[in-house]
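A short write-up of the structure that comes next.
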Amino acid sequence: MIKGVGWLFGLGLLMSAAAADPAAPEAVKDLAPTGRLRAAINYGNPVLAQRDAATGELRGVSVDLARELGRRLGTPVDLVPFDTAGKVADAAKAGAWDVAFLAIDPLRAEEIAFTAPYVIIEGTYMVPAESALRGIEEVDREGVRIAVGQKSAYDLYLTRAIKRATLVRAPTSQAAIELFVREKLEAAAGVKQPLVQFAAANPGVRVIEGRFMAIEQAMGTPKGRQVALAYLRRYVEEMKASGFVAEALARSHQPDATVAPAAKGE
């Protein structure tokens, strides 16, 4: 069951969201200046988006939020796929997208203006089954090598937080798991859900209980678009409160994700 929102609202709430008033012209201009809403989708995080290997079709909570936003703006939606969050963040400088779905981070906030989070997920560690490491706090020690996906939210966080262990970076989060296995590293950091899924299929590894960080997933837009940001902040709060986010998570089979609480002052 999706945490944070009751199931019983369901279809009626989605119909209510679909009936919402269209956006004001100034919001449309700021969010989709080309006349099309370009939405960056990071399918490297399976909690937020999934990409069909055969067809390339994108689905998931971030895709649903992008399409509903486009419907309200009255503009076509172009889904711009990325396989890592780091590439999404880097593409902000090139003006490659209008809205994105990323974890909030101080470094990213230099280029991207964020809403409050709509989903909260956990960052944790996976270790060999026979490892002596049992608690989250035990991982940061001399001689421990931690595989991470480069420029992921947890890479950015651990770069600031880790004092004694060594971070070993791979191009993607999936590649970090492969690196952990191939090089027999002491730990792999990542989003909890894919690590748990991998461990369930591979008895030689286990996921440590607890988390080293809460990853706050939010919508973002390039800095300087104040009207767009104000609209997105209201939009995210409505989508959480209406049950839209919870329903989208359930539809994409992400029952362990947590819908973020209402932003303070909303």
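Numbers for residues simply follow the sequence, beginning at 1. Computed from a prediction, not measured in an experiment: that's the story for all the values here.
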Flag side-chain contact, heavy atom, 4.5 Å: L48 against N42: no

Under a single-linkage rule joining Ile, Leu, Val, Met, Phe, Trp and Tyr whose side-chain heavy atoms are separated by less than 4.5 Å, which residues share a cluster with V227? none

Do F114 and L37 belong to the same hydrophobic cluster, where Ile, Leu, Val, Met, Phe, Trp and Tyr are linked whenever their side-chain heavy atoms lie under 4.5 Å apart, directly or via other members? no

Would you confirm whether K240, through its side chain, and V259, through its main-chain N or O, come within 3.5 Å as a donor-acceptor pair? no

Looking at CZ of F198 and CD1 of I177, how far apart are the two atoms once the value is rounded to the nearest 0.5 Å? 6.0 Å

Common cluster, Y118/V47, ILVMFWY with side-chain heavy-atom separation under 4.5 Å: yes

Scan for side-chain hydrogen bond (donor to acceptor under 3.5 Å, both in side chains) pairs involving residues 124-142, sequence neighbours excluded, and state none if there are none. none

To the nearest 0.5 Å, how far apart are CD in Q150 and CG in L156? 10.0 Å

Answer whether the closest heavy-atom distance between the side chains of N45 and I215 falls below 4.5 Å. no

Quick check for you: to the nearest 0.5 Å, what is the distance between T258 atom OG1 and Q217 atom CD? 12.0 Å

Taking side chain as C-beta onward, heavy atoms only, is I146 less than 4.5 Å from V168? no

Does the side chain of Y154 pick up a donor-acceptor pair with the side chain of S173 at under 3.5 Å? yes

Check whether any side-chain N or O of E237 sits under 3.5 Å from a backbone N or O of A263 as a donor-acceptor pair, and report yes or no. yes

Any chance you could measure L133, atom CG, to M126, atom CE, to the nearest 0.5 Å? 13.0 Å

Do R67 and S62 pair up side chain to side chain, a donor and an acceptor below 3.5 Å, judged on atom types alone? no

Where is the tightest heavy-atom contact between P171 and T84, given as atom of each residue plus distance? O-CG2, 3.4 Å

Show the nearest heavy-atom pair for residues R108 and A153, with the distance to one decimal. NH2-N, 3.3 Å

Quick check against the 3.5 Å criterion: does Q50 have a side-chain atom that pairs as donor or acceptor with the backbone of P46? yes

Linked, directly or transitively: V196 and V181 (ILVMFWY side chains, under 4.5 Å): yes

Could you state whether F180 and L167 fall into the same hydrophobic cluster, counting links through intermediate Ile, Leu, Val, Met, Phe, Trp or Tyr residues with side-chain heavy atoms under 4.5 angstrom apart? no

Quick check for you: to the nearest 0.5 Å, what is the distance between N202 atom CG and Q197 atom CD? 10.5 Å

Please table the atom pairs, donor to acceptor, closer than 3.5 Å between any side-chain atom in residues 89-105 and protein atoms at least two apart or in another chain.
from	atom 1	to	atom 2	distance (Å)
D90	OD2	K151	NZ	3.0
W97	NE1	V88	O	2.9
D98	OD1	R38	NH2	2.9
D98	OD1	R225	NH1	3.1
D98	OD1	R225	NH2	3.3
D98	OD2	R38	N	2.9
D98	OD2	R38	NE	3.1
D105	OD1	R160	NH1	3.3
D105	OD1	R160	NH2	2.9
D105	OD2	L107	N	2.9

Any donor and acceptor pair, going by atom type alone, linking the side chain of Y43 with main-chain N or O of G56 inside 3.5 Å? no

Where I120 and A260 come nearest, the two heavy atoms and their spacing: CG1-CB, 4.0 Å

Sub-3.5 Å donor-acceptor pair from the side chain of T115 to the main-chain atoms of M219, do we have one? yes

Tightest non-hydrogen contact, residues A199 and V205, listed as CA-CG2, 3.7 Å

L58 and P81 have their tightest heavy-atom pair at CD1-CB, 4.0 Å

How long is the straight-line distance from CE of M239 back to CG of L232, given to the nearest 0.5 Å? 11.5 Å

Considering all heavy atoms of both residues, which atom of A170 and which atom of L179 are nearest to each other, and what is their separation? CB-CD2, 4.2 Å

Is there a path of hydrophobic side-chain contacts, each under 4.5 Å between heavy atoms of I/L/V/M/F/W/Y residues, joining L229 to L65? no

Is there a side-chain contact between R36 and V77 (heavy atoms, below 4.5 Å)? no

So, D52 and T55: side-chain donor and acceptor under 3.5 Å apart, yes or no? yes

Does E178 have more than 12 heavy atoms from other residues, nucleotides or ligands lying within 6.0 Å of its CD? yes

Any side-chain heavy-atom pair of Y231 and E26 under 4.5 Å: no

